[in-house]
There are 2 protein chains.
Amino acid sequence: MVQSHRRATIVDVARHAGVSTKTVSRVLNGQPHVTEDIIRKVKDAAAAVDYHPNMMARALVQRRSHLIGLVYENPSPSYVVDLQKGVLERLRDEHYRLVVIPIASISQHEADVVGLLRSAALDGVVLAPPASDSARIMQDLTTAGIRFARIAPTRLIEAGPSNLIDDVSAAREIAEHVIRLGHRDIAVISGDPTHASADARMQGFRQAFAAAGVPLPAHRIATGYYTYESGHAAARTLLARRDRPTAILAQNDDMAVGALIATLESGLTVPGDLSITGFDDSEVARITWPAITTVRQPVFDMAVAAADMVVAQLQDTAPLMCRSHRHELIVRQSTGPCPA
Amino acid sequence: MVQSHRRATIVDVARHAGVSTKTVSRVLNGQPHVTEDIIRKVKDAAAAVDYHPNMMARALVQRRSHLIGLVYENPSPSYVVDLQKGVLERLRDEHYRLVVIPIASISQHEADVVGLLRSAALDGVVLAPPASDSARIMQDLTTAGIRFARIAPTRLIEAGPSNLIDDVSAAREIAEHVIRLGHRDIAVISGDPTHASADARMQGFRQAFAAAGVPLPAHRIATGYYTYESGHAAARTLLARRDRPTAILAQNDDMAVGALIATLESGLTVPGDLSITGFDDSEVARITWPAITTVRQPVFDMAVAAADMVVAQLQDTAPLMCRSHRHELIVRQSTGPCPA
DNA sequence: ATGAAAGCGCTAACAA
DNA sequence: TTGTTAGCGCTTTCAT
């Protein structure tokens, strides 16, 4: 209250407590070799002058901003929310803050991404798809000395700490589920072609189809962009044909919901006339009627693990280099037997 | 490449270019009074030594971290996504970064929030409900010298830059819509009681009911928490009674979706047997079948405006102190005439 | 138009 | 156990 207007610094605290600044620093950082008595005195002084540490000064000298970035594209809101929750969960009691870095189109801005991260003074970043598949970004990150961990990369697994899922098997399994229900006229709504997951999931579908001798002609494949709208539009196209399919496999849940609504709008029933599957098990798949059969990819868990890998590197703990996460087929009400 | 390992600083650039550090700083910040010739030389030198500015040093001396926070509770994912998109939209070309600060329960942690923000070295924050209604938080923010702007506060409007919506009128209008359709047995699912919006919306409902002489007995009011699950549970309770309502007014869209699914699960049709309304017009209200009648609250626009108010304060531009945003009744397929 | 020197607030060596 | 001193990398008076 004596202070006119500027914020109190450790110098003020030191003077008030009658000790040196280094002692104040020691007390404030909980370092050893200080008497109980002095600790008391310093803490009282800090309270008395209303001291609050200046994080920027601390960051400068420690070369640590305590900022972690999350890089993602933005197609699916529920995916992004899961991602954020996971990273935040791990960072909660860690004194790191989360900076969100949505990039409109990573494939188009590969070269600029790390410049952006640099200018934000991030200590580390979690790379969500498709950034997690960019050799260029990982290269630049290494050059810049920014630690990173990857979520669901599909290639160059050795290139950095990775959280893996088996998109191919997951896709195969959900396709097998639909085939087991007797469907043979099956259409696919694929994801954003710039995301490698779209390839992997398609590959899994094809494996199941091939094994069962089910055809997948080109006119049964529609391209989406992992958004609700694109799934809706794709389904309309697929259903407009005279030989409409009896099942649609969407490559994520948002598109599946889009397909579901388009189907219901057209007067068909699900799963009576048409079965629909999603992918990821995001929240949207649970809040529809009928609820959507999907395959759970543990996005939240991967985000927790990825954040953990980043933190480990920053603390010089040996980071886990690679971790696999399990998927799980979740059968709900959007799939049923093939109609006669 | 001569440098062993440490990052290049302006000192390196200065030496390389044969000028002083101040000149380098001037060039890098685009300040006047430098010859074209020198500008060239400095820029070349910067590129040659692979210089990248250290944002923490800059932050320290400028007393600006260039970090903006977004404080929110987490009930509704789509609300949060809209909020984030809005703030990011305004910050996009502004050289500010967004730090997300979800708080589990603001009403329980009021006293700690600003400490958290302080320790994150934020220049400013956008306060979403219910933080935007906390006198304590605003007080602490002012003390800490952190600029802020509020989204949808309901009280103490003068206490800081605010983006207002008229929740009372919006609620009244949507209730009137349902009453006009002939409903008189109407139930309400209210929002989280710690959010002032729940009160305001209830007040609007009551105005409409009173004007039309429609009763609202206590057993027709169920308390939710702005989540899908709470809406689902509340609807189950409301529908379990013998004298079930013919319409349910939910105080946000997530709860309305929960109510919709619960209704469909119980074998009733919407809007045939029961009409349902939401609130906010978030994405979830569009991606159900039937789509949900709601009243649009421009969350995205408010977030853009709030971010703008924060940036304006940081740039010493006179900030707009108060801005009103319009709501709009959006009639979709979840409401229909009262069944006979 | 350019440069020298003094900080911003903090922590880390090194003394005492 | 405690204090002194020297930076971290940048911007900013104030000279020149």
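Proteins get letters first, then strands, A, B, ... in listed order; numbering begins at 1 in each.
Using a 4.0 Å cut-off, no side-chain N or O of S25(B) falls inside it from OP1 or OP2 of dC10(D). Between dT11(D) and N29(B), a contact under 4.0 Å exists linking OP1 or OP2 to a side-chain N or O. Look at T23(B) and you won't find any side-chain N or O under 4.0 angstrom from OP1 or OP2 of dA1(C).
Rounded to a whole Å, the CD atom of Q62(B) is 15 Å from the C1' atom of dG9(C). Across the protein-nucleic acid pair, N54(B) atom CG and dT11(D) atom C1' stand 13 Å apart, rounded to whole Å. Protein atom CZ of R15(B) is 15 Å distant from nucleotide atom P of dG3(C), rounded to whole Å. Distance I10(A) CD1 to dG7(D) P: 17 Å, rounded to the nearest Å. The CZ atom of R64(A) sits 16 Å away from the C1' atom of dC10(C) (whole-angstrom rounding). One atom, CG of D12(A), and another, P of dC8(C), lie 11 Å apart when rounded to the nearest Å. We find that CD of E36(A) is positioned 13 Å from C1' of dT1(D), with the value rounded to whole Å. If you take NE2 of H33(B) and P of dA1(C), they are 6 Å apart, rounded to a whole angstrom.
Residues L60(B) and Q31(B) both approach DNA chain D. Their nearest nucleotides, taken by heavy-atom distance, put L60(B) toward the 5′ side. Map P53(A) and T21(B) each onto its nearest nucleotide of DNA chain C; the residue landing nearer the 5' end is T21(B).
Applying side-chain contact (heavy atoms from CB on, under 4.5 Å) to S162(A) and the options M309(A), M302(A), M321(A), R150(A) leaves one that passes, R150(A).
Between dG3(D), dA1(C), dG9(D), one nucleotide has an atom nearer to the side chain of R63(A) than all others, and that is dG9(D). With dT4(D), dT2(C), dT11(D) as the candidates, the nucleotide lying closest to the side chain of S20(A) is dT4(D). Closest to the A57(B) side chain, of the nucleotides dT4(D), dG9(D), dG9(C), is dG9(D). Listed candidates were dT1(D), dC10(D), dA1(C). Nearest to the side chain of T35(B) is dA1(C).
Using bins of under 30°, 30° to 60° and over 60° for the plane-to-plane angle, the ring pair H66(B)/H95(B) lands in the perpendicular bin.
In this structure, R26(A) reaches the bases: a heavy-atom distance under 4.0 Å links it to at least one base atom across the strands shown. In this structure, V61(B) reaches the bases: a heavy-atom distance under 4.0 Å links it to at least one base atom across the strands shown. Using a 4.0 Å heavy-atom criterion, one finds that V11(A) contacts no nucleic acid atom at all.
A donor-acceptor pair is defined here as one N or O able to donate and one able to accept, closer than 3.5 Å; such a pair exists between the side chain of S20(B) and the backbone of T23(B).
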_side-chain contact (heavy atoms from CB on, under 4.5 Å), that's the test. Do L70(A) and V100(B) meet it? Break it down for me._
CA-CA 11 Å; L70(A) 172 60; V100(B) 294; over 6 Å; no
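D12(A) and R15(A) are joined by a salt bridge, as a carboxylate oxygen and a charged side-chain nitrogen come within less than 4.0 angstrom of each other. Electrostatic pairing of D37(B) and R40(B) does not count as a salt bridge here, judged by no charged N lying under 4.0 Å from a carboxylate O.
One cannot find a donor-acceptor pair under 3.5 Å joining the base of dA4(C) and the side-chain atoms of K22(B).
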